[in-house]
Protein chains: 2
Amino acid sequence: MATTNIKEVAQLARVSVGTVSNVLNRPEIVSPATRERVFAAIRQLGFVRNEVARHLRVGRSRTVGLVVLDVANPFFADVAQGAEALADEHDTMVVLCNSAASPHRERRHLDQLEQQRVLGILITPVEADNPRLLQLAARGTPVVLVDRAAHGSQCSVSVDDRLGGRLAGNHLIEQGHRRVAFVGGPLSFQQVADRHAGITSAVEAAEGVVLETLSMPALSIAEGRAAGERVAALPPPSRPTAVFCANDLLALGFFQAMTAQGVRVPHDVAIVGYDDIDFAAASAVPLSSVRQPRDLLGRTAIDLLLEEVEEPDRHSHRQVIFQPDLVVRESSLRPGAST
Amino acid sequence: MATTNIKEVAQLARVSVGTVSNVLNRPEIVSPATRERVFAAIRQLGFVRNEVARHLRVGRSRTVGLVVLDVANPFFADVAQGAEALADEHDTMVVLCNSAASPHRERRHLDQLEQQRVLGILITPVEADNPRLLQLAARGTPVVLVDRAAHGSQCSVSVDDRLGGRLAGNHLIEQGHRRVAFVGGPLSFQQVADRHAGITSAVEAAEGVVLETLSMPALSIAEGRAAGERVAALPPPSRPTAVFCANDLLALGFFQAMTAQGVRVPHDVAIVGYDDIDFAAASAVPLSSVRQPRDLLGRTAIDLLLEEVEEPDRHSHRQVIFQPDLVVRESSLRPGAST
DNA sequence: TGATCTTTTTGAATCGTCTTAAGGCCTCAT
DNA sequence: ATGAGGCCTTAAGACGATTCAAAAAGATCA
């Protein structure tokens, strides 16, 4: 309410508002005596600079928006942490927005962020090729895609999901599995489609391996459980002996269903997840998973964004693609090996 | 760059800027013909209202800050979702800030939020009785404490953590355990201290039960694992037969260490966690946990905040306290019962 | 002491939008 | 034809900070 402004400070310190502003922004050009007087006034009044007015005048904020598919997924929490860490070094704030995989919510967030004239937006889009994203960029809000490769007209930071899928597939095949399942979300998610394509190529390169695909409506623990129940209900001869899940939440849910139904992991069914979230290693049977450099994704995204903002001339859109690793743990080791 | 403003729109539509503003904010008072002309101009230019300027003029934003201890903890993700859901209905945006339990980062976020003149702040403070929070409120930024009870001078939404601790304690004692351990974080976290006080009172009310306390530096999976390794290393006779962890991350880590060391859960050691995050139910041995109404916490916090902002006269600070439930699952059931 | 430089400080303009009082245009009744 | 009363629209003044040209104050030197 009683928001003190720069003018009151100026009055109290018996200087002009311009001087107060200088004290705030370039203290070195103000004489020490004056500077001290102004600081004293600021302290006395409890003055807090109005960032909104400043931003209006200066023309750009020090805030970037990060729109993720699911805040509750630790994968994104880690990406966010990486982004925040680097942003912090550049005196920039990251605001986290949750689209919850809903195009409508995503749209709302993008509108809000554009209206706020944020420095830029990092986003894992719900849908591929959203024209809104190009529009944003065209109107002056740079956009960096996260965890999804762009097609040249924008920056992106992603991980080679096909490779990830292939690594998982090859590993399972090497372990001797011939009936393999892929449990994924909607193939409209690029990540899911790519991981599926990866394991498909691995399966096709091998002899006599069959791949079955379960497409669940979401990438959550609950859906993983549902998929698991379906698989557990199959008679053992027709049941896949190995499952590759499109992310760790699915994998954990799937694993839970297996345990509940008395299907042993990895003895009866091997499982490989994706993302290598902390919970994967912490599972009772530690989960094999394809690891992505999560916080590097976040850091790099911020890096690209700031480069675009700060040196628009020297900047050209780049698509950074990281390589995933397969982390093999007990959940996918051939039963013989450990027993 | 080429940010079009209301003036250009006015020019193109051949009206004054005031009229454009009216079309944007009170379309009903503008004649349909003019209105349509203005809309057409807006579309043609791709005009996006500058929320910053608007905010400066109007004096308050439609954004509230939510500062949490750990974005990677699903508990907070759910609180955030609840808050966002209700905020959404009131056309308000929630920005999520991660203090990562660091007072320094918390301070930075609070400064930023105050400078941005947010509508208000929801926060799970790192330290008890932070005077900064009262200062914020005094200067006009309302604050609601989340997951921590306030002392009358501010609003808060919390869960009765002592009761939660007592529930966990009583349950373990009823299951026949006499050597019980509490695995917590720093007792400077109010939540940890209260949960500890709760189980302590349960233990004191019983005969011949001893409680041992392990205080870890953080409430994470990794620390839970560390605690578990310490406990597993004890000779069985002096090892506690039941463990109550201050949150589910600790519990999951602890459980993992047990499994890794060949200590059976619940046969050798029973475990009860806190928060009942999705991962708890999804653990290989489903984890008993004290459940808090997570998204209700978020919703209620927003509710209190908006009430304070919108009807300052009628508002008086309230401390809402919810009751936790104990969800009993396999991890804490007496071995005899299931074997 | 006055001239010349340098260091500080000032004051007005500006950012983009909202708001309010005032004015313009119509229609209608007198 | 005139004035009243409704609608709409306009124009000008905030909002709070930054910036920059220009003025003021000091410093230096002959």
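Everything numeric in this text was worked out from a predicted model, so none of it was measured.
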Outermost nucleotides of DNA chain D that come under 4.0 Å of a non-hydrogen atom of chain B
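Contacts span D/dC8 to D/dG16, reading 5' to 3'.
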Atom [atom1] in [X], atom [atom2] in [Y]: separation rounded to 0.5 Å?
X      : Y      : atom1 : atom2 : value
B/I6   : B/Q11  : CD1   : CD    : 12.5 Å
B/L136 : B/T141 : CG    : OG1   : 5.5 Å
A/S102 : A/R108 : OG    : CZ    : 10.0 Å

So which protein N/O to nucleotides 8-12 of chain C N/O distances come out below 3.5 Å?
from   : atom 1 : to    : atom 2 : distance (Å)
C/dT9  : OP1    : A/S31 : OG     : 3.0
C/dT9  : OP1    : A/T34 : OG1    : 2.2
C/dT9  : OP2    : A/S31 : N      : 3.2
C/dT10 : OP2    : A/S16 : N      : 2.9
C/dT10 : OP2    : A/S16 : OG     : 3.2
C/dT10 : OP2    : A/T19 : OG1    : 2.7

Modelled atom types, side-chain donor and acceptor of A/T34 and A/S31, under 3.5 Å
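Yes.
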Which whole-number value in Å describes the distance from B/N25 CG to C/dT20 P?
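Nearest whole value for this atom pair: 12 Å.
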Do any N or O atoms from the side chain of [X] and from the backbone of [Y] form a donor-acceptor pair under 3.5 angstrom?
X      : Y      : result
A/R35  : A/P27  : yes
A/H55  : A/S61  : yes
B/E106 : B/V126 : yes

Any residue in residues 39-58 of chain B with a heavy atom nearer than 4.0 angstrom to DNA chain D? Just list them by number, or reply none.
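DNA chain D contact set from residues 39-58 of chain B: B/L56, B/R57.
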Apply the salt bridge (Lys or Arg N to Asp or Glu O under 4.0 Å) test between B/D111 and each candidate in B/R132, B/R139, B/R105; give the one that qualifies.
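So the option named by the test is B/R132.
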What contact category does B/R117 fall into here, base, sugar-phosphate, or nothing, at under 4.0 angstrom with non-hydrogen atoms?
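Nothing, no heavy atom under 4.0 Å.
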